[in-house]
Amino acid sequence: MTLDEAAVRDALATLQEKRMAGPASGADSRVIKFEHRLQEVFNFDRREIAVVCVLLLRGPQTPGELRSRTDRMYHFEALEDVVSTLDRLAQREPPLARVLPRQPGTKESRYTHLFSGEPPMLAEDTDVAGMRPERESKGPSSATAGATSLSDRVHTLEEELSRLRQELSEVQQQLADFRKQFE
């Protein structure tokens, strides 16, 4: 990312308003240093902080990737510990993480954070035949949300196509009227 100082200041101000970041305590420096305050706002334990940080920085990850990439912040003994941490984040109200559909040819599903809302429907969400792969989530919410989103998108596209056809028809009529002026 390339950010100017004003963009960074605006982002920090927004995070400070939400109490998610603030000046680092005990900093004896000429420059103000900032730290995240997610633990205070969301009451996260160290495992959750480590997983959320990696998901925010690196995007969707498999449990194996999360286990290796969080090791400096928290050492997970087993892969099941990572999955249980992700499940706790997914069961919060509102959910803060969720499993993504497994991509064709992959062994593991990836998980993503929901701090920016639901992720957009990905092209990998359907297989070659256009069928939706089985979802690994434990509730119907992700499949239902995906179907609703797809239905809404199709409806929007149909309306736009209808409007564009009408505009094309009007332009064709105007062109025909213009040609008649020169006959």
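All values reported here derive from a predicted model rather than from experimental measurement. Hydrogens, waters and symmetry mates play no part in the numbers below; they use all other heavy atoms, side chains included.
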(request) Apply side chain to side chain donor-acceptor pair (under 3.5 Å) to Gln181 and Asp177, showing your working. (result) CA-CA 7 Å; Gln181 292 177 0; Asp177 292 343; over 6 Å; no
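- The salt bridge (Lys or Arg N to Asp or Glu O under 4.0 Å) test applied to Glu159 returns no partner, not counting sequence neighbours.
- Here Lys18 pairs with Thr14, Met20 under the side chain to side chain contact (heavy atoms under 4.5 Å, CB included) rule; sequence neighbours left out.
- Closest approach of Ala21 and Gln16 over heavy atoms only: O-CG, 3.3 Å.
- In this structure, the side chain to side chain contact (heavy atoms under 4.5 Å, CB included) partners of Leu168, at least two apart in sequence or on a different chain, are Gln172.
- Scanning for ring-ring contact (aromatic ring centres under 6.0 Å, His included) contacts around Phe34 gives an empty result, with sequence neighbours left out.
- For Thr106, the side chain to side chain contact (heavy atoms under 4.5 Å, CB included) partners at least two apart in sequence or on another chain are Arg102, Gln103.
- Every residue two or more places apart in sequence or in another chain that forms a side chain to side chain contact (heavy atoms under 4.5 Å, CB included) with Ala78 is listed here: Glu80, Asp81.
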(request) Apply side chain to side chain contact (heavy atoms under 4.5 Å, CB included) to the pair Phe44 and Leu89, showing each step before the final yes or no. (result) CA-CA 9 Å; Phe44 286 151; Leu89 290 168; 3.7 Å; yes
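- For Leu100 against Pro60, the heavy-atom pair with the smallest separation is CD1-CB, 3.6 Å.
- Closest approach of Pro23 to Ile32, counting heavy atoms only: CB-CG2, 4.3 Å.
- Within the structure, the salt bridge (Lys or Arg N to Asp or Glu O under 4.0 Å) test picks out the following pairs touching residues 46-71 (sequence neighbours left out): Asp45-Arg47, Glu48-Arg88, Glu48-Arg92.
- Every pair tested for ring-ring contact (aromatic ring centres under 6.0 Å, His included) that includes a residue from residues 85-105 fails, sequence neighbours excluded, so the list is empty.
- Within the structure, no pair that satisfies the ring-ring contact (aromatic ring centres under 6.0 Å, His included) test touches residues 151-176, not counting sequence neighbours.
- Both Ile49 and Leu55 are assigned to one and the same hydrophobic cluster, defined by single-linkage of ILVMFWY side chains at heavy-atom distances under 4.5 Å.
- The distance from atom CZ of Arg165 to atom CD of Glu170, rounded to the nearest 0.5 Å, is 14.5 Å.
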(request) Would you please test Leu66 and Phe76 for side chain to side chain contact (heavy atoms under 4.5 Å, CB included) and show each step? (result) CA-CA 9 Å; Leu66 285 167; Phe76 287 97; over 6 Å; no
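- Thr70 OG1 to His75 NE2: the interatomic distance, rounded to the nearest 0.5 Å, is 9.5 Å.
- With sequence neighbours left out, the salt bridge (Lys or Arg N to Asp or Glu O under 4.0 Å) criterion links Glu167 to Arg163.
- Taking Ile, Leu, Val, Met, Phe, Trp and Tyr as hydrophobic and joining them when side-chain heavy atoms fall under 4.5 Å apart, one finds Phe182 in a cluster with Phe178.
- Leu96 and Leu15 fall within a single hydrophobic cluster, where Ile, Leu, Val, Met, Phe, Trp and Tyr side chains are chained together by heavy-atom contacts under 4.5 Å.
- Arg19 pairs by the salt bridge (Lys or Arg N to Asp or Glu O under 4.0 Å) definition with nothing, not counting sequence neighbours.
- Rounded to the nearest 0.5 angstrom, Ser162 OG and Leu157 CG are separated by 12.5 Å.
- With salt bridges taken as basic N to acidic carboxylate O contacts below 4.0 Å, one links Arg37 and Glu35.
- Leu38 contributes atom CG, which lies 12.0 Å from atom CG of Asn43 (distance to the nearest 0.5 angstrom).
- Contact between Ser109 and Pro63 at its shortest, heavy atoms only, is O-CD, 3.5 Å.
- Leu3 CG: more than 12 foreign heavy atoms inside a 6.0 Å radius.
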